[in-house]
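Worksheet: the structure to be examined is printed underneath.
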Amino acid sequence: MKRSIASVHARRVWDSRGRPTLEAEVTLADGTAGRAIAPAGASTGSAEALDLRDGGTAFGGMDVQRACAAVNGEIAAALAGRDPTQQGALDAVLIALDGTPDKRRLGGNAMVAVSMALAHVAAASQRLPLWRYLAGSRTEFCLPLPEVQIFGGGAHAGRRVDVQDFMVVAIGATDYAQALEWTAEVYRAAGELMAKAGRLSGVADEGGWWPAFDTNEEALEFLQRAIEHAGYTAGQDVAIALDIAASDFGKGGRYRLACEGREVDSDALAEMLLGWLRRYAIVSIEDPFAEDDAQALRRFTLEAGPKVQIVADDFICTNALRIAGAALLGACNTALIKPNQAGTLSETRAALDAARAAGWGAIASARSGETEDVTISHLAVGWGVKQLKVGSFARSERMAKWNEGLRIGEAIGSFALPPRCAFPWSN
Ligand code: PGA
Ligand code: ZN
């Protein structure tokens, strides 16, 4: 069979933080090849698929030789001769072969790279771009609304401020290309304002400006000012989105705001966030409480959920069962969808389907450790996920994803975004 898998190979490559990661390459009997690279998180949820890292002293213990060996040995043997278009069955083979609940034996990094490479080679075997292959029988397409980091904080900026992502969403843009233009102007304006204020000290892990601010709210104030400085109306043209990533500084209902030198409980944190929602043009807020603080998430969703998008990342870890449970509880209303949290594309798709079944929105998302891999852009368009988060508007591992959206838009023949009314309830 021409379309059968002839080889599966993994090689060690390097990510945007200069850390090892792995690239999987699947080749068919007729020579068609597809490849994908595993990304890596820094502020990870505890229920994520685990990356297999070598430990020891080399590269801070982050090497992936064992994960590469798992691909080149067991995984390659199990997939040889199979039909690459049977994504569900092949992912089931990977899951059974690993045999652990958190993918620790073969490694979530090994599995997601292979799973994504399978989709790439299957698409290539049908001479289709990946987004078109993933769309199946769908015929209507739009590009995702970009959610773009302007300041990076938390684990991505030496904990300079506690909040991790200060982002913008060009909710008033007429299409994807214009959303990128507006984002570029805001990113530049923010850099200019910071330079003028003597607050510019480089960029954080995802390309956002390193926030040299004294409080979390000062960053918010600056962001709102940058939107206006760039000539847009905050909340109408360009709005603010936050990823609090609260699991990184909170546990057991206590939250340590290190940059402000104080500790607050869930209620006080809720008050602070609700105050921000009143004072700033915020339309989306991710992980506002820690992953172990489901009741605070529920209360906050009840209060703020009708007006803003409340995004679950660490809380649900791209897991269909967790999303169903969170929806039942009424905690959050939108799922962040990260393939490497799930470990295979089929499980990622199941999480998206669970979000849709619950009436939740969804955002496709890259990780803080990224590469030139652009699978996530194709996945957003192909699966009809209406928002995309891939970090900031600088550095090629980020721009590769935004630029791929422009190429896909040309192929579709339109840069159309989801209907305006779909935000924030865009599932
Ligand atoms: P991570 O950050 O990739 O470091 O986990 C991204 C996020 O929290 O959304
Ligand atoms: Zn997050």
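The figures that follow rest on heavy atoms only: side chains count, while hydrogens, waters and symmetry mates do not. Counting starts at 1 for both ligands and their atoms, following the listed order. What you are looking at is a predicted structure, and each value in this text was computed from that prediction instead of being measured.
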Hey, is ligand 1 close enough to [X] that some N/O pair sits below 3.5 Å?
| X | result |
| --- | --- |
| E206 | no |
| A245 | no |
| D165 | no |
| S365 | no |
| T44 | no |
| R17 | no |

Side chains of E347 and D91 in contact at under 4.5 Å (non-hydrogen atoms):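 The answer is no, as the side chains (C-beta and beyond) never meet within the 4.5 Å cut-off.
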Would a 4.5 Å heavy-atom cut-off, applied to side chains only, mark Y280 and E221 as touching?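 Answer yes - side chains close enough.
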What atoms of ligand 1 come closer than 4.0 angstrom to any heavy atom of [X]?
| X | answer |
| --- | --- |
| D243 | 7 (C), 8 (O), 9 (O) |
| K338 | 5 (O), 6 (C), 7 (C), 8 (O), 9 (O) |
| G41 | 1 (P), 3 (O), 4 (O), 5 (O) |
| A42 | 1 (P), 4 (O), 5 (O) |
| S43 | 1 (P), 2 (O), 4 (O), 5 (O), 8 (O) |
| D313 | 7 (C), 8 (O), 9 (O) |
| K389 | 7 (C), 9 (O) |

Partner of L106 under side-chain contact (heavy atoms from CB on, under 4.5 Å), chosen from T100, D98, I95, L94: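 Only one of T100, D98, I95, L94 forms a side-chain contact (heavy atoms from CB on, under 4.5 Å) with L106, namely D98.
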For F166, give me all partners under ring pair (Phe, Tyr, Trp, His ring centres under 6.0 Å), at least two apart in sequence or on another chain.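 F166: no ring pair (Phe, Tyr, Trp, His ring centres under 6.0 Å) contacts found.
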Can a donor-acceptor pair be found, under 3.5 Å and without considering hydrogens, that links the side chain of Y255 to the backbone of F289?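 Side chain of Y255 to backbone of F289, a donor-acceptor pair under 3.5 Å: no, none is there.
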Where's the contact between L336 and ligand 1, heavy-atom distance under 4.0 Å: side chain, backbone, both or neither?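 Near ligand 1, L336 shows its side chain, while the N, CA, C and O stay back.
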Do R367 and D15 meet the salt-bridge criterion of a basic N to acidic O distance under 4.0 Å?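 So D15 does not pair with R367 through a salt bridge.
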Verify side-chain hydrogen bond (donor to acceptor under 3.5 Å, both in side chains) between S266 and D293, making sure each step is shown before the conclusion. CA-CA 8 Å; S266 307; D293 207 351; 2.7 Å; yes
For the Zn ion (ligand 2), which protein N/O/S atoms fall under 2.8 Å? Skip waters.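 Less than 2.8 Å away from the Zn ion (ligand 2) sit D243 OD2, E286 OE2, D313 OD2.
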